[in-house]
Amino acid sequence: MDAEELLGRYEAGERNFSGVDLEGLNLYKANLNEANFTDANLSNTNLSRASLRKANLTGANLSNAKLTGTNLIQANLTGADLREANLILAELGLADLGNANLSGASLWKAILNKADFLNANLSGADLSGADMVATSLVGADLTEADMSGANMISGDLGGSNLTGTNLKGANLWNTNLNGTQLDKATLPDGHEYHR
């Protein structure tokens with residue numbers, strides 16, 4: 001399916017695109033709100049500045065996808081593959097990213113307020129300057145991630161792995177750190193944590 005066919009079918013009212021192969025398509029600024037892309041292949045797809053509000057992307061392959069400035073508010077990305085995806089300035093407020101793989105993804109200055117990253121893999125991800133108020137990263141793997149300058153007021157990092165994570169300048173006020181692994185992490189004040 002090419003971009004023209006997809007957008008035409010969406011415009012005609014179709015919303016179920018589960019399992020489709022859209023690898024490498026240019027969907028810049030496309031409006032695909034509430035579409036169902038369960039298990040779809042969107043790897044290397046340009047979805048920059050697209051609107052996927054409340055879309056179902058459960059199990060979708062979004063590896064290496066361009067999602068710069070994309071609206072993913074309340075999207076379901078449970079189990080999605082977002083390895084090396086570009087999510088700079090993306091809006092993921094209230095999104096469900098449980099068990100998603102975001103290793104090596106760039107979420108610089110992304111808006112992640114109240115998003116759920118339960119057991120997600122964010123190892124090596126760039127979360128610097130991200131807005132993460134009340135975000136849940138329970139059990140997440142944030143090994144070697146960059147969270148410098150992130151705003152995580154009232155967040156939940158319970159049971160997460162922050163080994164080697166850069167938290168310099170991060171705002172962790174009222175954030176749950178119970179059971180968190182902090183070995184070799186750089187703390188908000190710039191000091192490295194050692195057991």
Side-chain angles (χ1 to χ4, degrees), residues 1-12 14-112 115-132 135 137 140-147 150:
M1 183 182 310
D2 63 19
E4 187 177 346
E5 181 184 352
L6 171 71
L7 297 174
R9 286 165 64 173
Y10 181 89
E11 202 59 37
E14 188 174 340
R15 295 294 180 268
N16 187 3
F17 302 101
S18 60
V20 297
D21 186 357
L22 303 171
E23 182 176 1
L25 293 188
N26 184 2
L27 296 168
Y28 176 76
K29 284 190 174 181
N31 178 3
L32 297 164
N33 293 327
E34 300 184 25
N36 180 5
F37 290 106
T38 302
D39 297 321
N41 181 8
L42 294 154
S43 62
N44 298 301
T45 299
N46 182 4
L47 287 157
S48 295
R49 299 186 63 194
S51 187
L52 290 157
R53 188 180 186 103
K54 295 185 179 178
N56 186 352
L57 293 147
T58 304
N61 180 359
L62 289 150
S63 59
N64 294 300
K66 293 181 182 93
L67 296 154
T68 307
T70 302
N71 181 346
L72 289 157
I73 293 171
Q74 292 183 301
N76 185 348
L77 291 144
T78 305
D81 182 354
L82 289 148
R83 287 174 298 161
E84 305 294 331
N86 182 344
L87 289 146
I88 292 172
L89 300 171
E91 295 181 61
L92 288 146
L94 297 170
D96 187 348
L97 291 116
N99 296 305
N101 186 348
L102 292 111
S103 62
S106 180
L107 292 128
W108 179 77
K109 291 204 173 182
I111 300 169
L112 310 170
D116 185 358
F117 288 88
L118 178 68
N119 298 322
N121 180 355
L122 289 143
S123 57
D126 180 1
L127 292 151
S128 57
D131 205 354
M132 305 172 74
T135 296
L137 289 151
D141 182 359
L142 290 148
T143 307
E144 303 289 332
D146 184 359
M147 293 178 70

### Task
Check Ala85 against Leu67 and note the closest heavy-atom contact, atom names and distance.
CB-CD1, 4.4 Å

### Task
Kindly check if the number of other-residue, nucleotide or ligand heavy atoms within 6.0 Å of CD (Glu5) is above 12?
yes

#### Entry: Atom pair OG1 (Thr70) and CD1 (Ile88), whose distance is rounded to the nearest 0.5 Å
11.0 Å

### Message
So which atom in Ala30 and which in Leu7 form the shortest heavy-atom distance, rounded to 0.1 Å?
### Response
CB-CD2, 3.8 Å

### Check: Asn36/Ser18 side-chain N/O donor and acceptor closer than 3.5 Å
no

### Message
To check you understand the geometry: which heavy-atom pair defines the closest contact between Leu97 and Ala115, and what is its length?
### Response
CD1-CB, 4.4 Å

### Message
Can you tell me how far apart CG (Asp81) and CG (Asn64) are? Round to the nearest 0.5 Å.
### Response
9.0 Å

### Query
How long is the gap from CG on Asn26 to NZ on Lys66, to the nearest 0.5 Å?
8.5 Å

### Task
Of all the heavy-atom pairs spanning Arg53 and Asn33, show the shortest one and how long it is.
N-OD1, 2.9 Å

### Query
Hey, are the side chains of Val20 and Leu6 touching, using non-hydrogen atoms and a 4.5 Å cut-off?
no

### Message
For Arg15, is the CZ atom crowded, meaning more than 12 foreign heavy atoms sit under 6.0 Å from it?
### Response
yes

### Task
For residues 24-73, pull every pair meeting ring-ring contact (aromatic ring centres under 6.0 Å, His included), keeping only residues two or more places apart or in separate chains.
Phe17-Phe37

### Message
Could you report the tightest heavy-atom contact between Leu27 and Ala3, atom names first, then the distance?
### Response
CD2-CB, 3.8 Å

#### Entry: Sequence-distant partners of Glu23, salt bridge (charged side-chain N to carboxylate O under 4.0 Å, His left out), two or more places apart
none

### Considering all heavy atoms, the nearest Ala105-Leu87 contact
CB-CD1, 4.5 Å

### Task
Output the distance between atom OG1 (Thr68) and atom CG (Asn46), rounded to the nearest 0.5 Å.
7.5 Å

### Message
Once rounded to the nearest 0.5 Å, what's the spacing between atom OG1 of Thr78 and atom CG of Leu118?
### Response
9.0 Å

### Query
With Leu92, which of Ile111, Leu107, Thr135, Asn71 fulfils side-chain contact (heavy atoms from CB on, under 4.5 Å)?
Leu107

### Query
If you round to the nearest 0.5 Å, how far is CG of Leu62 from CG of Asn41?
9.0 Å

